Amino acid sequence: MSTVSGATVFAERALLPGGWAENVAVTIGADGRILAVDRDTAATGQTVGILLPAPGNLHSHAFQRAMAGMSERRGSEPRDSFWTWRQIMFRFLDALRPEDVEAIAAFVQMEMLEAGYAAVGEFHYLHHQPGGAPYNNLAELSERIIGAAADTGIGLTHLPVHYQYGGCDRRPLAQGQIRFGNDTERFQKLHELAGQALKALPEDAVIGVAPHSLRAVDHDGLQSAVALAGANPLHMHLAEQIPEVEEVQAAWGQRPVEWLLAHHEVRDNWCLIHCTQMSPAETEGLARTGAVAGLCPITESSLGDGIFDGVNYLGAGGRFGVGSDSNIRIALSEELRTLEYSQRLRDTCRASVATKEHSTGRVLFDGAVAGGAQALGRKSGAIEEGRYADLLALDCTAIDLEGREGDEILDAWIFAGDDRMVTEVWSAGRHVVSGGNHVKGEAIRAKYRATMASLRNRL
Ligand code: ZN
């Protein structure tokens, strides 16, 4: 697997670990890793204008993409703004078949690649048949996610989710949750099977584990997930909404982040998703662990979760990455922009996360690249020899990028542009997006349309 393929990407400008460089040639090996990075060299191989390390999308529930735009009404109960979202979700959960899951996942992964993400952490909790009985193959739906990744070429960190209860009081799973549930023993089996199935993918694929949240697992379930993870990624939803914080506080005796930091050795392979509801002490405590906060600003806006305290968290040295979570809209530049704008709206200020050295766009982008790679357990995150070639190219002829230099390129892309500026993407050396389109886009879109037509008939 380590023979040289000779694929070379030549960039007029590239963002390297030491900063911006010109006339850079990146040589990619057959194993998808970067063999060499040469600066100030003559043009060779495929030429692009602006080359960046491509971030990973650290949090996704693929199937929710199919519900996008369908839950913007209220029910009869005036205080219950989640009503339509929950109703739609339950109806979907009764209708989704394995082939639907695979077609939706392929479409979602394709959109992520076209947006500039090279990899995804799929927080996978849909395990069983409608009605809750397991499939003959316990890891059937994990295999569908893996099959989609084989098709799209995205770098997959697969995170099977352990989901035991319907709430902190350990109530049984509700009708809408019965496809998610396992006891700890069956979950361990499922995790093992998913890990075996993942071997069908190229060697950059990673297996992790995801205890769903402090609402859905007990002490033993969480402990078992920690053991299963070892040094691999461990992801968990944490402190997303105020009612959740109150529920956890009542049942576990402390606020969610406070409890976790007091009872577990939270290390750098941990990724805590959301953390929108933290006290100042929790914000500082989490920042000190070296774990990654998995921020999903578009989904958090969509669900009205609240605003992550990015200013104090980054000020305390906290690491973060971004995820598209509900996939209501998959847009890398917009995810970063929303993160920054939420801080500005709360604090009535500008350039919230910028530092003396780096602009807002640069801080957001560097953070998402490094944190994404760390959270996904993926040896990427920089254009550097030995790392996986997760790369994205921006269209230097786009009006807003013309004549821009250095960090202003990132600022223009994130604040004035959108993902249409992304022209090429490589995931561990796989050239999956060319000229702005996924190389199998037409077939994947056609299959998704057919799947959605069939689903609409069955809802
Ligand atoms: Zn989530």
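Order of appearance sets the numbers: ligands from 1, and atoms from 1 within every ligand. Because the structure is predicted, anything quoted here is derived from the model rather than measured.
- Within the protein, the number of N/O/S atoms found under 2.8 Å from the Zn ion (ligand 1) is 4.
- Among residue pairs with one or both ends in residues 213-253, those qualifying as ring pair (Phe, Tyr, Trp, His ring centres under 6.0 Å) are H59-H237, H61-H237, F123-H237, H212-H237, H219-W252, H219-W259, H237-H274, W252-W259; sequence neighbours excluded.
- Closest non-hydrogen pair, A105 versus I145, comes out as CB-CD1, 3.9 Å.
- Within a 6.0 Å sphere centred on CD1 of I242, other residues, nucleotides and ligands contribute 12 heavy atoms or fewer.
- For residues 436-459, the set of pairs meeting the ring pair (Phe, Tyr, Trp, His ring centres under 6.0 Å) definition, not counting sequence neighbours, comprises F107-Y448.
- No side-chain donor from either of T276 and E300 sits under 3.5 Å from a side-chain acceptor of the other.
- The list of ring pair (Phe, Tyr, Trp, His ring centres under 6.0 Å) pairs with a residue in residues 126-154, not counting sequence neighbours, reads H124-H127.
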